[in-house]
There are 2 protein chains.
Amino acid sequence: MAGRNIDEWIDRYLSVSFLVMKRGAALVKDSLCEEMTHDQYYLLRYIRRRGACTSTELAAMFGVNKSAVTAMTNRLVDKGWLRRDRDERDRRVVVLSLTEQGEAWIAEMDRNVYRLVEEVIARFPEEEIETFIRTYERLAHVLQEVEEAK
Amino acid sequence: MAGRNIDEWIDRYLSVSFLVMKRGAALVKDSLCEEMTHDQYYLLRYIRRRGACTSTELAAMFGVNKSAVTAMTNRLVDKGWLRRDRDERDRRVVVLSLTEQGEAWIAEMDRNVYRLVEEVIARFPEEEIETFIRTYERLAHVLQEVEEAK
DNA sequence: TCCATTTTGTTCAACTGTTGAACTATTAGT
DNA sequence: ACTAATAGTTCAACAGTTGAACAAAATGGA
């Protein structure tokens, strides 16, 4: 690849990724209720999709320390959205899963957030959406590989 | 568009955007020095590109409160990377611009971050990169429109 | 011109998310 | 059996954020 081209891509990517991150977070936050933060919404979504998971898995998945996960899950347990159970087969492990209340709240929040994302997505041609998301998913995968290679 | 398709896209987009945000932030942070945070790096980059700007502009651009900008810029001024000057034509306005030291630090950080992003980008075909970034930029633009329409 | 309104930015308390070191409890590997 | 490694928590110290209250300056009608 031409060096000129690459540097331009890098610059454009860095600029736009920060913009989308900030603006996207602000919009999603507006779609949530006072009680639920942006990060809590995504964390609960992830746990729901996985059914149940551990602090270690969450920390690795999101690239944060385990103590950060403890702090976040504490708040979610306090709100009654998340359940902490000790794994009987390996008593070091804590199994995290949604409570019924948590399921209900996240479903409620989903309604607003989906409406928002749909409004955004609707402005793009279908093919562009599919292509974009596919590359985005590949990017998430590559980031994990690069992280693991350290 | 088929409802089924849209909901699948929304779900995939929400999941992957959080992953990329978190993992990307973690990797960029590793490329920075102890003294500079992820957010500070992007903020300084933005101000450098604009030459100079105001708190109001930054707050609108990144979708945060002006008080958040004050707090961030305070830390950057304390470190000697950012300069605060009153606008002589409108004395309410504070003009933010990089100091020479700030320019030097951000150039230094750029070297590491560019190396990282290049490593990631190199794993994609050129055409996919260009297509992806173009849609990403369109997305940033749409998010701003949606924000403004509120 | 005068005064109310708007705009720009700051301060403050309170909160979320994060790190990194020190710690406990449990398991795994010889 | 004992040392290693693993899973998670606690804690102090930060960065980033909100929202309300505030000060200072500019604007715009009457």
Side-chain angles (χ1 to χ4, degrees), chain A residues 18 21-30 32-44 46 52-79 81-97, chain B residues 18 21-30 32-44 46 52-79 81-97:
Chain A
F18 190 60
M21 179 175 74
K22 288 298 199 175
R23 289 182 186 161
L27 284 171
V28 168
K29 191 174 66 65
D30 285 347
L32 299 173
C33 59
E34 291 279 321
E35 290 95 330
M36 193 182 290
T37 70
H38 176 256
D39 282 55
Q40 288 171 354
Y41 172 66
Y42 285 108
L43 189 64
L44 290 173
Y46 180 82
C53 63
T54 67
S55 293
T56 301
E57 176 184 345
L58 292 175
M61 185 58 62
F62 299 133
V64 298
N65 269 3
K66 282 190 291 184
S67 56
V69 175
T70 299
M72 277 204 74
T73 52
N74 272 341
R75 289 180 208 108
L76 294 170
V77 169
D78 287 348
K79 298 208 191 221
W81 295 336
L82 199 60
R83 190 190 348 252
R84 260 202 194 96
D85 296 303
R86 281 238 107 88
D87 185 333
E88 286 308 320
R89 283 171 304 185
D90 182 345
R91 300 191 47 73
R92 291 170 303 181
V93 175
V94 168
V95 179
L96 299 164
S97 58
Chain B
F18 191 61
M21 178 176 76
K22 288 300 199 175
R23 288 181 187 164
L27 284 171
V28 168
K29 192 174 65 64
D30 285 347
L32 299 173
C33 59
E34 291 279 319
E35 290 96 328
M36 192 181 292
T37 70
H38 176 255
D39 282 55
Q40 289 171 352
Y41 172 66
Y42 286 108
L43 189 64
L44 290 174
Y46 180 82
C53 63
T54 68
S55 292
T56 300
E57 177 184 344
L58 293 176
M61 186 58 61
F62 299 134
V64 298
N65 268 5
K66 282 190 292 186
S67 56
V69 175
T70 300
M72 276 204 75
T73 53
N74 272 341
R75 289 179 210 110
L76 294 170
V77 170
D78 287 348
K79 299 208 190 223
W81 295 336
L82 200 61
R83 193 193 342 256
R84 258 202 195 97
D85 296 305
R86 280 238 107 87
D87 185 334
E88 286 307 319
R89 284 171 304 185
D90 182 344
R91 300 193 47 73
R92 290 171 304 182
V93 175
V94 168
V95 179
L96 298 163
S97 58

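What you see below is based on every heavy atom in this structure, not just the backbone, and it leaves out hydrogens, waters and symmetry mates. To find a chain, count down the sequence lines: A is the first, B the second, and so on, and within it residues start at 1.
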Nearest-Å distance, CG (Leu32(B)) to C1' (dT19(C))?
-> 15 Å
Quickly work out the Met21(A) CE to dG17(C) C1' distance and round it to whole Å.
-> 13 Å
Report the glycosidic orientation of dA4(D): syn if within 90° of 0, anti in every other case.
-> syn
Asp90(B) CG - dT6(C) C1' separation (whole Å) = 12 Å
Rounding to a whole Å, what distance do you find between Met36(A):CE and dG17(C):C1'?
-> 16 Å
Between Met61(A) and Leu43(A), does a side chain to side chain contact (heavy atoms under 4.5 Å, CB included) hold up when you go through it step by step?
-> CA-CA 11 Å; Met61(A) 185 58 62; Leu43(A) 189 64; over 6 Å; no
Separation of dC15(C) C1' from Glu34(A) CD (nearest whole Å) | 12 Å
Pair of N/O donor and acceptor under 3.5 Å linking dT26(C) base with Arg91(A) side chain | no
Any side-chain heavy atom of Trp81(B) sitting closer than 4.5 Å to one from Gln40(B)?
-> yes
Is the closest side-chain heavy-atom distance between Asp39(A) and Lys22(B) below 4.5 Å?
-> yes
Whom does dT27(C) pair with, Watson-Crick or G-U wobble, provided both distances fall under 3.5 Å?
-> none
Considering Watson-Crick and G-U wobble pairs with both distances under 3.5 Å, what does dA4(D) pair with?
-> none
Within this structure, what is the CZ-to-C1' distance between Arg92(A) and dA7(D), rounded to whole angstrom?
-> 6 Å
Residue list, salt bridge (Lys or Arg N to Asp or Glu O under 4.0 Å) with Arg86(B), at least two apart or on another chain | none
Please test Arg83(A) against Leu96(A) for side chain to side chain contact (heavy atoms under 4.5 Å, CB included), starting from the C-alpha separation and ending with a verdict.
-> CA-CA 6 Å; Arg83(A) 190 190 348 252; Leu96(A) 299 164; over 6 Å; no
Among all residues two or more places apart in sequence or in another chain, which pass the side-chain hydrogen bond (donor to acceptor under 3.5 Å, both in side chains) test with Glu34(A)?
-> none
May I have the distance from Leu82(A) (atom CG) to dT16(C) (atom C1'), rounded to whole angstrom?
-> 16 Å
Using the ring of each side chain (for Trp, its six-membered ring), is Phe18(A) parallel, tilted or perpendicular to Phe62(B), with breaks at 30° and 60°?
-> perpendicular
Taken to the nearest whole Å, CG/Leu96(A) to C1'/dG8(D) is 10 Å
Protein proximity profile, nucleotides 9-18 of chain D - base contact B, sugar-phosphate-only contact S, no contact -, cut-off 4.0 Å on heavy atoms = BB----SBBB
